[in-house]
Chemist: 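This is the structure I want to talk about, given as structure tokens.
Here is the naming used below: chain letters follow the sequence lines, and residue numbers restart at 1 for every chain.
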Amino acid sequence: METPATRSCGLRAGRLSEADYARNFSDAHPLLTRAQAMIEAERCYYCYDAPCIAACPTGIDVPSFIQRIAQDNLRGAARAILEANPLGGMCARVCPTEVLCEEACVRNASEAKPVEIGALQRFAVDGYLAEPGEPLFRRAADTGRRIAVVGGGPAGLACAHGLARRGHAVVLFDARAKLGGLNEYGIAAYKAADAFAQAEVRWLLSIGGIEARSQQMLGRDFTLQSLLDEYDAVFLGLGLAGTNALGVDGEATGEAVRDAVDFIAQLRQAERPAEVPIGRRVVVIGGGMTAVDAAVQSRLLGAEEVTMVYRRGPDTMTASLAERHWAQTHGVTIRYWSAPTAVAQEDGEVAGVRLAATALVDGRLVTTGEEHTIEADMVLKAIGQTYLPEPTGAAIALKGGRILTDANGRTSLARVWAGGDCRYGGRDLTVEAVEHGKRSAVDIDFALSGQEPDAAPELEAAHG
Amino acid sequence: MADLSIDFVGIKSPNPFWLASAPPTDKAVNVTRAFEAGWGGVVWKTLGEDPPVVNVNGPRYSTLMSQDRRVIGFNNIELISDRPLRTNLDEILRVKRAWPDRAMVVSLMAPVDEAAWRRLLPMTEDAGADGVELNFGCPHGMSERGMGSTVGQIPEYIQLITEWCKHYSRLPVIVKLTPNITDIRQAARAAHAGGADSVSLINTLNSVMGVDLDRMTMIPSTDGAGSHGGYCGPAVKPIALNMVAEIARDAQTRDLPISGIGGISTWRDAAEFIALGCGSVQVCTAAMVYGFKIVEDLCDGLSNFMDQRGYASIEAFRGGAVQTVKDWNALNLNHVEKAVIDQDHCIQCGRCHVVCEDTSHQAITATRDGRRHFEVREEDCVGCNLCVSICPAPGALAMRALASGEIDRRTGERVSGEYANWSMHPDNPMRVAASAD
Ligand SMILES: Cc1cc2nc3c(=O)[nH]c(=O)nc-3n(C[C@H](O)[C@H](O)[C@H](O)COP(=O)(O)OP(=O)(O)OC[C@H]3O[C@@H](n4cnc5c(N)ncnc54)[C@H](O)[C@@H]3O)c2cc1C
Ligand SMILES: Cc1cc2nc3c(=O)[nH]c(=O)nc-3n(C[C@H](O)[C@H](O)[C@H](O)COP(=O)(O)O)c2cc1C
Ligand code: SF4
């Protein structure tokens, strides 16, 4: 690391040298070399009824794709992955594998070190995408059916791809300028380096039959009813458009106190990280993946002190152990049992965060009466996103503030399916959103055609 | 400390590890480095009559590798020494003088022509060799010229040339056998009949290493074409052990000293060859893969093993396992084993279940009470050892021998504890009735 360009307090862009920015925002876990992949692939035991398959929300046949890597058949490996998970490339980068497939690996029992399934998955998909050759999947003959998919995040993309494969015509609406949802606007920059999100979107759309309409917002530019009038079915993959507020004094201090998701989106969309202003001492409030990503990326932008503040203990934190270690090795301090009570100010600038100590008493979280202040010139709020129901109107039943569906994503409203973060009962993971979209595509196809799900689509039209 | 030294057919060496006749023993510079590293002896790279042979200038070697690039098998199409005979003999003399305590065996090859052998043998003796090894094994190149394995495949030739060598030389004669043959005993018996002091085996197996599917040419190839080579290294060890054991237990050759060769890479491999009767062992591939230093690890491991078991010398355990190698017909059909899974060591990969289910006797469960659980159902287990053989978790699967009197839950019969082989089995139509009753 070189000497920082500036160490002054307050929001400052360009704190680091260009070389440091380049290093900090390069691929966090670079692609395995062929030799590494071969050795890692050899470690897979090719288990019977492999536990990793069950642990993957999309049910990728992990032993098969790894065996195909070992047999130097990257195309076959990619097929096994993308068949089950069309966003297998992004999932390989962002899945918390330590609590999914890799947690289930039997190698944990013998040597406390699972096969690196995520890294191998990326090796296969990236290897295939680098030299795709003939299309892996082809679109079935046109069914004449038209389906509206609203939201171009992982859920919407997976659904659109699944529907297009089955020969339906899809119109994919998204409020944003680019497709990808949080893949494009939310995932940490170092997890999806080299514009991978857009490369993946291009590949998904190349199957044909999907018309993407960006900057088209449900509730503003069209209504659910208008979609139902025009299309045979509607899939909602709206994600979580709202954020929770802290509800403490000083929260509205302008630029220096902001939602972590906005900060991350700004960083993801910035031409260069050097353009993004960051404080010298940053406090991130929250204990999830968003909080970790905001904290780590603050450090990488040149913040000298970054503290994550979480009101409970490590056991209930949604960020996994691996993510906490990731934060800590990037110099982030994690303060447990602390709840913010106010954003302190001096001369109209953010000066710190006032914290109340908390404790669990009889299973209830209470403040103990002790208080202290962490100095800060920037505060990032990552205390959860919420589903905004307004765009769909009151027609759809909710539960816990999100859309209630059956296992296949059918909502209370006929011909409307929903999936991803906006659906009730999930874990808010990219891979789950993909599974929701994939399943709903099968179910929509079933509902429209009356045929048993998964009847093999006929071959037509190209898709690289 | 165990004494590793050997006296093999009168040839003494400080340890049983000799470098086999091959590139590691090709020149004075190699052999000197080998002796400096601690090898007990060498069999000098095979010499033939002048003019020397000419090797290809393309690839001579290629390997079969595991995914982590460890060498499993090694193939070569090299010929015998391609240097003038005199150069080799002068070097042999010089090196033997400098290293009098090491075994210096010289490998020879010539056609089935008495005059040629009569010329070669005295020269070799004059060069100070402790013994000669007759290369009846090389399966490529030389065999097309009527030498090497072509001789080794015809017992009459083996015997004839061995007789000539015993006649024209006082040196101990070791006959090196080819494994490219149906019944190794025929070759060994012929060597024995010809008066050989010992046999050594195995030389390499005919092999084509693969096909380059982009070019549609066999591997290895030189200028677009290849020729079968000789295969050696860890992959051939089981083949070599079988052939060694066949000779060691054959009534006609059981007293014939054997120098064991084929895939020896660890002290354990060497100890196994010795346990099956070998009085010295030879190594080629392991040296070509790791260099000469490994001899230190071979000696150290063998010596620790012998100390632990209380074997004071190589002779103390040589041949210790020979009497356990039998014809199938002599195996005890009343002995019953069952696989047992140790749940504490099982890592739940389920491979034992699926292989038994798909390819053996459907004797391992996959679930219990709806949960993933692998357990042997003794009523179905035939004791084939497949599950144990493929289990990746050390200690998770083992075979258990049923005690006499125990019920075999597969057959419902009580284990008698008495020995009975196929020749006595009630299902055998050719059964020999037990003579006592
Ligand atoms: C900062 C952050 C980091 C994360 N990191 C990870 C991670 O590392 N690993 C992981 O597995 N998960 C991670 N997640 C969670 C993951 O990103 C989400 O679970 C996933 O993106 C959900 O997909 P989705 O399709 O349901 O929603 P989104 O990805 O949110 O996509 C919703 C799309 O709908 C569009 N939209 C919304 N409303 C409308 C409307 N009214 N009209 C038209 N379009 C609309 C949006 O523009 C957006 O494109 C992270 C989340 C965040 C916020
Ligand atoms: C490159 C190469 C050349 C060889 N040349 C000879 C030879 O000239 N004479 C001979 O008797 N055996 C020759 N062999 C066979 C070896 O001596 C030995 O019998 C065989 O390699 C098996 O031992 P290993 O598995 O330890 O390599 C050669 C082997 C190799 C690999
Ligand atoms: S020993 Fe053979 S039959 Fe018995 S459980 Fe194992 S694999 Fe099945």
Chemist: Of the non-hydrogen atoms in A/C47 and B/R372, which two are nearest, and what is the gap between them?
Modeler: CB-NH2, 4.3 Å
Chemist: Please report the shortest heavy-atom distance between A/A70 and B/Q67, naming the atom on each side.
Modeler: O-NE2, 3.0 Å
Chemist: Do other residues, nucleotides or ligands put more than 12 heavy atoms under 6.0 Å from the CG atom of B/D358?
Modeler: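 Count over threshold, so yes.
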Chemist: Within a radius of less than 6.0 Å around CZ of A/R34, do more than 12 heavy atoms belonging to other residues, nucleotides or ligands occur?
Modeler: no
Chemist: What's the shortest heavy-atom distance between B/G350 and A/Y48, and which atoms?
Modeler: O-CB, 3.1 Å
Chemist: Please identify, among B/Q348, B/E357, B/H353, B/H345, the residue contributing the most non-hydrogen atom pairs under 4.5 Å to chain A.
Modeler: B/H353
Chemist: Might you confirm whether atom CG of A/D194 has over 12 heavy atoms from other residues, nucleotides or ligands at distances under 6.0 Å?
Modeler: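 No, because the 6.0 Å sphere around CG of A/D194 holds 12 heavy atoms or fewer from other groups.
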Chemist: Give me each pair satisfying salt bridge (charged side-chain N to carboxylate O under 4.0 Å, His left out) with a member in residues 59-76 of chain B, each pair once, sequence neighbours excluded.
Modeler: B/R60-B/E78
